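Okay, structure first, notes after.
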Amino acid sequence: MKDGVFGLVDCNNFFVSCERVFRPDLRDKPVVVLSNNDGCVIARSNESKALGIRMGEPFFKVRDVVARHGVAVFSSNFSLYGDMSRRVMSLLSAYTPRLDIYSVDEAVLDLTGMGDAEFLRGYGRDIVRKIGKGVGIPVSLGVAGTKTLAKMASKYAKRYPAYEGVCLIDTEEKREKALRRFAVGDVWGIGRRMQKVLEYHGVRTAWDFVCRSEGWVRHEFSVAGVRTWRELQGESCIALDDLPYKKSICMSRSFPGHGLSEWHVLEEAVAYFASECARKLREQGTCCGQVTVFAYTSRFRTDVPGNMIQQQVRMPVPTQDTAEIVHAALEALRLHAHDGGFDYKKSGVIVWDLSPREAVQTDLFDKMDRGKRGALIRAVDEINRKNGHNVVKVAALGAEQEYASERQYASRRYTTNLDEVLVVKV
DNA sequence: TCTGGGGTCCTAGGACCC
DNA sequence: TCTGGGGTCCTAGGACCC
């Protein structure tokens with residue numbers, strides 16, 4: 001199965017790189033980006049990594065290091081990152097007939113049949129240069145016959161500047177050399193649990209791993225492990241995935257401080273999460289058959305009793321209607337109204353069991369006029385698109401966001417909000 | 001004091017049926 | 001007192017990814 005060629009593009013330290021585009025003075029300086037509520041470190045520049053700041057570390061634990069080394073700190077600014085991501089993906093799509101957007105900062109290009117290694121290296125460097133100049137984001141490109149090997153190659157491209165951003169694993173010799181020098185825990189598809197078991201068995205590098213028998217891998221790690229094992233052998237098992245829509249959509253937040261203790265505020269938050277889910281459903285053209293609401297108290301608090309609410313409801317007819325989904329989510333939450341009186345630290349809504357809008361089975365006893373409701377919702381979406389997020393919304397959301405996040409280090413939404421664009425002094 | 005958010009896939013085990 | 005067995009479907013939870 002040596003026929004496919006995958007090019008995996010990974011944006012380097014993506015969130016940090018986005019902030020640096022508008023703060024060129026921070027190039028070469030240590031920078032971190034924080035999660036919601038300024039809780040955890042979720043992105044680090046190379047300089048911050050070198051200071052020993054770990055991914056996912058609670059911010060309060062690194063305050064000292066941050067102060068001592070003058071690390072620049074940003075609250076996460078997802079409007080900015082989302083917009084930068086769209087720009088990167090749009091440039092990439094010009095280089096391939098098939099682009100598989102894997103996440104906000106990562107995509108796989110189908111490079112099958114485009115040319116030999118020499119051509120691909122030049123083509124790849126062109127891609128890296130184009131994105132660097134066009135969007136200002138540094139990226140790394142790995143090219144190989146499987147996605148897992150391409151991911152590995154992209155990490156080599158990132159690690160060694162001599163590659164000029166592009167690394168190819170295109171021969172048996174290169175594959176073996178790459179595997180021998182690669183820690184098994186860094187392989188795509190091998191997480192903490194698998195790593196622990198592997199190390200217990202003396203498997204330290206990716207090469208050690210592929211030297212084990214398929215039977216052993218199947219026994220220890222089941223089909224997922226075998227898939228990774230085969231991918232490392234060069235046998236492609238993870239195809240390009242062009243699923244037209246997501247299979248579930250989740251909207252959730254944790255709340256600052258001790259969380260929410262007032263039931264009506266939790267209801268407003270859930271209504272907001274539900275309306276956001278509905279908006280995302282319409283964005284990708286799907287309807288949901290089921291809605292799940294959850295809320296739980298902090299798992300780090302031992303001084304007060306904790307609680308967890310999880311409630312699922314089935315929609316009579318798959319829907320993308322804000323009012324219907326908000327209503328269903330609130331009904332579900334209210335089944336647990338006797339669980340008031342706790343400090344809820346995190347809550348969210350998941351919509352799932354999704355189907356394309358065109359395929360929705362209508363219910364014979366459905367009383368709603370879906371044609372009219374659809375027109376109303378489209379009108380509201382259009383108003384909000386022109387006038388700003390949630391200018392028009394359902395009443396259940398409340399007027400104030402009493403559950404708003406803590407964002408002490410926010411940068412501006414330079415590219416998506418006119419009030420916040422950079423002003424150049426002449 | 002302060003601990004993210006949004007996904008996918010796989011599996012085990014329960015419910016249910018014959 | 002005896003108390004099947006196999007198949008399918010569904011769901012919750014875990015592992016993994018960024």
Side-chain angles (χ1 to χ4, degrees), chain A residues 8-16 32-44 54-64 66 73-78 81-82 85 100-108 147-148 151 154-155 185-198 218 220-228 231 237-239 241 243 245-259 273 276-277 280 284 289-290 292 294 296-303 308 310-312 314 343 345-354 405-409:
Chain A
L8 190 145
V9 172
D10 202 314
C11 300
N12 303 347
N13 314 328
F14 182 56
F15 298 165
V16 165
V32 295
V33 174
L34 305 179
S35 64
N36 181 40
N37 293 320
D38 297 336
C40 293
V41 174
I42 52 168
R44 307 154 297 157
R54 288 194 311 252
M55 177 67 178
E57 193 145 36
F59 181 50
F60 71 86
K61 288 190 180 172
V62 296
R63 270 183 198 281
D64 281 357
V66 163
V73 178
F74 292 91
S75 301
S76 42
N77 183 344
F78 287 104
Y81 312 150
S85 174
D100 178 1
I101 299 174
Y102 182 77
S103 71
V104 69
D105 73 331
E106 204 173 324
V108 180
K147 278 191 179 179
T148 306
K151 176 75 180 177
S154 79
K155 291 195 177 181
D186 293 341
V187 171
W188 211 26
I190 296 182
R192 268 208 316 280
R193 199 200 67 94
M194 275 182 75
Q195 185 186 359
K196 229 175 134 180
V197 176
L198 286 166
R218 183 178 300 277
E220 292 288 336
F221 307 112
S222 185
V223 296
V226 171
R227 196 172 45 217
T228 297
E231 282 258 317
C237 304
I238 309 173
D241 167 33
L243 248 193
Y245 57 83
K246 288 175 188 150
K247 295 173 179 171
S248 72
I249 291 171
C250 174
M251 179 72 200
S252 73
R253 282 289 173 275
S254 43
F255 308 113
H258 277 328
F273 300 145
E276 283 299 290
C277 285
K280 291 182 186 178
Q284 68 164 4
Q290 313 224 36
T292 296
F294 65 87
Y296 43 83
T297 51
S298 171
R299 58 185 195 283
F300 298 102
R301 278 185 81 179
T302 48
D303 54 324
M308 162 143 169
Q310 191 161 343
Q311 183 66 49
Q312 168 198 331
R314 192 180 293 270
D343 291 333
K345 183 65 182 168
K346 179 166 177 169
S347 169
V349 171
I350 306 166
V351 292
W352 48 290
D353 189 9
L354 308 187
S405 307
E406 196 80 13
R407 297 183 78 241
Q408 213 181 321
Y409 311 95

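Everything numeric in this text was worked out from a predicted model, so none of it was measured. Every heavy atom of this structure was used, including side-chain atoms; hydrogens, water molecules and symmetry mates were not. Each chain gets a letter, A, B and so on, in the order the sequences are listed, and its residues count up from 1.
Across all strands, A:V223 comes closer than 4.0 Å only to sugar-phosphate atoms, never to a base (heavy-atom distances). Residue contacts shown for A:I249 are limited to sugar-phosphate atoms, with no base heavy atom under 4.0 Å away. Nucleic acid contact for A:R54: none, since no nucleic acid atom lies under 4.0 Å from a heavy atom of the residue. In this structure, A:R63 reaches neither bases nor backbone, as no heavy-atom distance under 4.0 Å exists between it and the strands shown. Among the heavy atoms of the strands, none lies under 4.0 Å from A:F59. Residue contacts for A:R227: at a heavy-atom cut-off of 4.0 Å it reaches the sugar-phosphate backbone alone, with no base atom in range. A:Q312 comes within contact range of the sugar-phosphate backbone alone, with a heavy-atom separation under 4.0 Å but no base atom that close. Here A:K196 lies out of heavy-atom contact (under 4.0 Å) with every strand. Residue-level contact check: A:I350 touches neither bases nor backbone, having no heavy atom under 4.0 Å from any strand. Residue contacts for A:K345: at a heavy-atom cut-off of 4.0 Å it reaches the sugar-phosphate backbone alone, with no base atom in range. A:V187 comes within 4.0 angstrom of sugar-phosphate atoms only, judged by non-hydrogen atoms across all strands, and of no base.
Scanning all heavy atoms of the two residues, the minimum distance from A:K345 to A:S298 falls at CB-N, 3.5 Å.
Partners of A:S254 according to the side-chain hydrogen bond (donor to acceptor under 3.5 Å, both in side chains) rule, which considers only residues two or more places apart in sequence or in another chain, do not exist here. Applying the side-chain hydrogen bond (donor to acceptor under 3.5 Å, both in side chains) criterion to A:Q311, with sequence neighbours excluded, gives A:H336. Contacts of A:F78 classified as ring-ring contact (aromatic ring centres under 6.0 Å, His included), with partners at least two apart in sequence or in another chain: A:F15, A:Y81. Legend: residues meeting side-chain hydrogen bond (donor to acceptor under 3.5 Å, both in side chains) with A:R218, ordered by chain and number and at least two apart, are A:E214.
Inspection of the A:T292 and A:W352 side chains reveals an N or O donor paired with an N or O acceptor under 3.5 Å. A side-chain N or O of A:N36 and one of A:S405 form a donor-acceptor pair less than 3.5 Å apart.
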In dot-bracket notation, what is the pairing pattern of DNA chain B, taking Watson-Crick (N1-N3 plus N6-O4 or O6-N4) and G-U wobble (N1-O2 and O6-N3) contacts under 3.5 Å, with [ ] crossing and | for other strands? ....||||||||||||||

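Here the range on DNA chain B touched by chain A, meaning any atom under 4.0 Å from one of its heavy atoms, is B:dC2 to B:dT11.
Place A:N36 and A:R301 on DNA chain B by their nearest nucleotides, and A:R301 ends up nearer the 5' end. Across the interface with DNA chain B, nearest-nucleotide mapping of A:G257 and A:K246 shows A:G257 to be the residue nearer the 5′ end.
You'll find the side chain of A:I238 reaches within 4.5 Å of the side chain of A:E231, heavy atoms only.
With C1' as the reference atom, C:dG4 and B:dC17 are 14 Å apart, rounded to whole Å.
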Is there a side chain to side chain contact (heavy atoms under 4.5 Å, CB included) between A:S347 and A:F273? Walk through the geometry before answering. CA-CA 9 Å; A:S347 169; A:F273 300 145; 3.7 Å; yes

